[in-house]
Amino acid sequence: MQALKKESLLEDGLHYVTDQAEPPVGHFDVKIKVTAASICGTDQSIYQITSRQGMRDEMLIHNGGDVSGYQPIVVGHEFCGEVVELGEDVDTALVQVGDYVTSEMHIACGYCQQCRSGNQHICMNIRVKGVHLDGAFADYVSVPATNVVNLERFGGREVIPPRFGAFLDALGNGVHTVMEGDVAGKTVAILGCGAQGLMAAAVARTLGAARIYITDYSNPDGGFSAAHLAHRFATARELGADFCFDTNEEAAPGQKLELFDRARNEHGGGIDVILEMSGAEGAYNDAGALVKNGGEILLLGIPARPLRSFDFGKYAVWKGVTLKGIFGRRMFETWYAMLDMLATESTGLKARLEKIIERETVPLANFEQGFERVRTHQAVKLLLVPDAETKD
Ligand SMILES: [Zn+2]
Ligand SMILES: [Zn+2]
């Protein structure tokens, strides 16, 4: 079958192959024919592995950290598709051949302390398909039946078409983060106006945030000009953001000052809830400066390397701030909440998210074109399709 593989952790890029063996189907597994898959920041990090030390360490975590012992995997973890085969012990009350599904790609062990106390999303032995195990940039992917999210239960393709079904994993990160922030009636600042930041803006608006700020740092040398970011901000406003600020003082004079002025004038002397979704070093100090005393900073972004400067005394201790890391999606509370919000038209979530989905899909074989468009900020959510005839 076709597949997109990471062959070596010593060089950048991915390999498109047509001779990958179809994935085996264990007794409790479900085999899915992939309809569409979405490119995310994690995939970009895997692509650019030589400059992503953290990602490389993570990919080696289950084989002793030894690069020479790395076993190539099929990448990709955001997808939807159709069930084509069930393992012999799969309960057909859960899922049947022909069902339109997606899957939680974090595979929890089921026996560690976290798994047994309702925290499977931070399982000690977690394995992620598309990072540690074969993923979904392929014709077929197999997953444990207990990880399948059966979209037929939420209205099927009519209600959750593949252009949404293909990135529920990513949207779930945003939903998880915003729900942890308990944002109803609060002021929220989202740091990072990439796919995660934009989705979080839409979710925070849906969940009743009072005021939503969003920031990013334009980087003209990195091909992300102030004008380009201003265009992103226009999308952010359509998704629910009230105020948008470019924190690059040289490229966008005055905006950072205005942001801090506004935040200081909020009732608590700062923002109630900060959602850090950029992983950019400068953003952590912005988070600490913007948050009100007693506020919360939720961390979803992953820094490319350990931070050199974050003033814990000033920004966490003296302010009595709560810092919390967010990983994956709660299994499966996040999924139910997300799909119910999407399936109910009046929440407005689906209509908002339409604005970040690239309508033109890219055949899996042309993956370079897709990765390039996401990397250069021309597209936010772009879908790769194994079968080029696929329409949403
Ligand atoms: Zn992802
Ligand atoms: Zn576990």
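Predicted model only: the values in this text are computed from it and were never measured. When a ligand or atom number is given, it counts from 1 through the structure's own listing order.
Rounding to 10 degrees gives 100° for the angle at the Zn ion (ligand 1) between NE2 of His77 and SG of Cys40. Vertex the Zn ion (ligand 2); arms to Cys115 SG and Cys109 SG; angle rounded to 10 degrees, 120°. Angle SG(Cys123) to the Zn ion (ligand 2) to SG(Cys112): 110° [nearest 10 degrees].
A cation-pi arrangement is absent between Arg262 and Tyr213 under the rule of less than 6.0 angstrom and at most 45 degrees off the ring axis.
Tyr47 meets the ring pair (Phe, Tyr, Trp, His ring centres under 6.0 Å) test with Phe371; sequence neighbours excluded.
Sparse packing is recorded around CZ of Arg116, with 12 or fewer heavy atoms of other residues, nucleotides or ligands lying under 6.0 Å away.
When the N, O or S atoms of Glu78 are ranked by distance to the Zn ion (ligand 1), OE2 comes first.
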| Trace of the side-chain hydrogen bond (donor to acceptor under 3.5 Å, both in side chains) decision for His121 with Glu104 | CA-CA 10 Å; His121 65 295; Glu104 167 61 66; over 6 Å; no
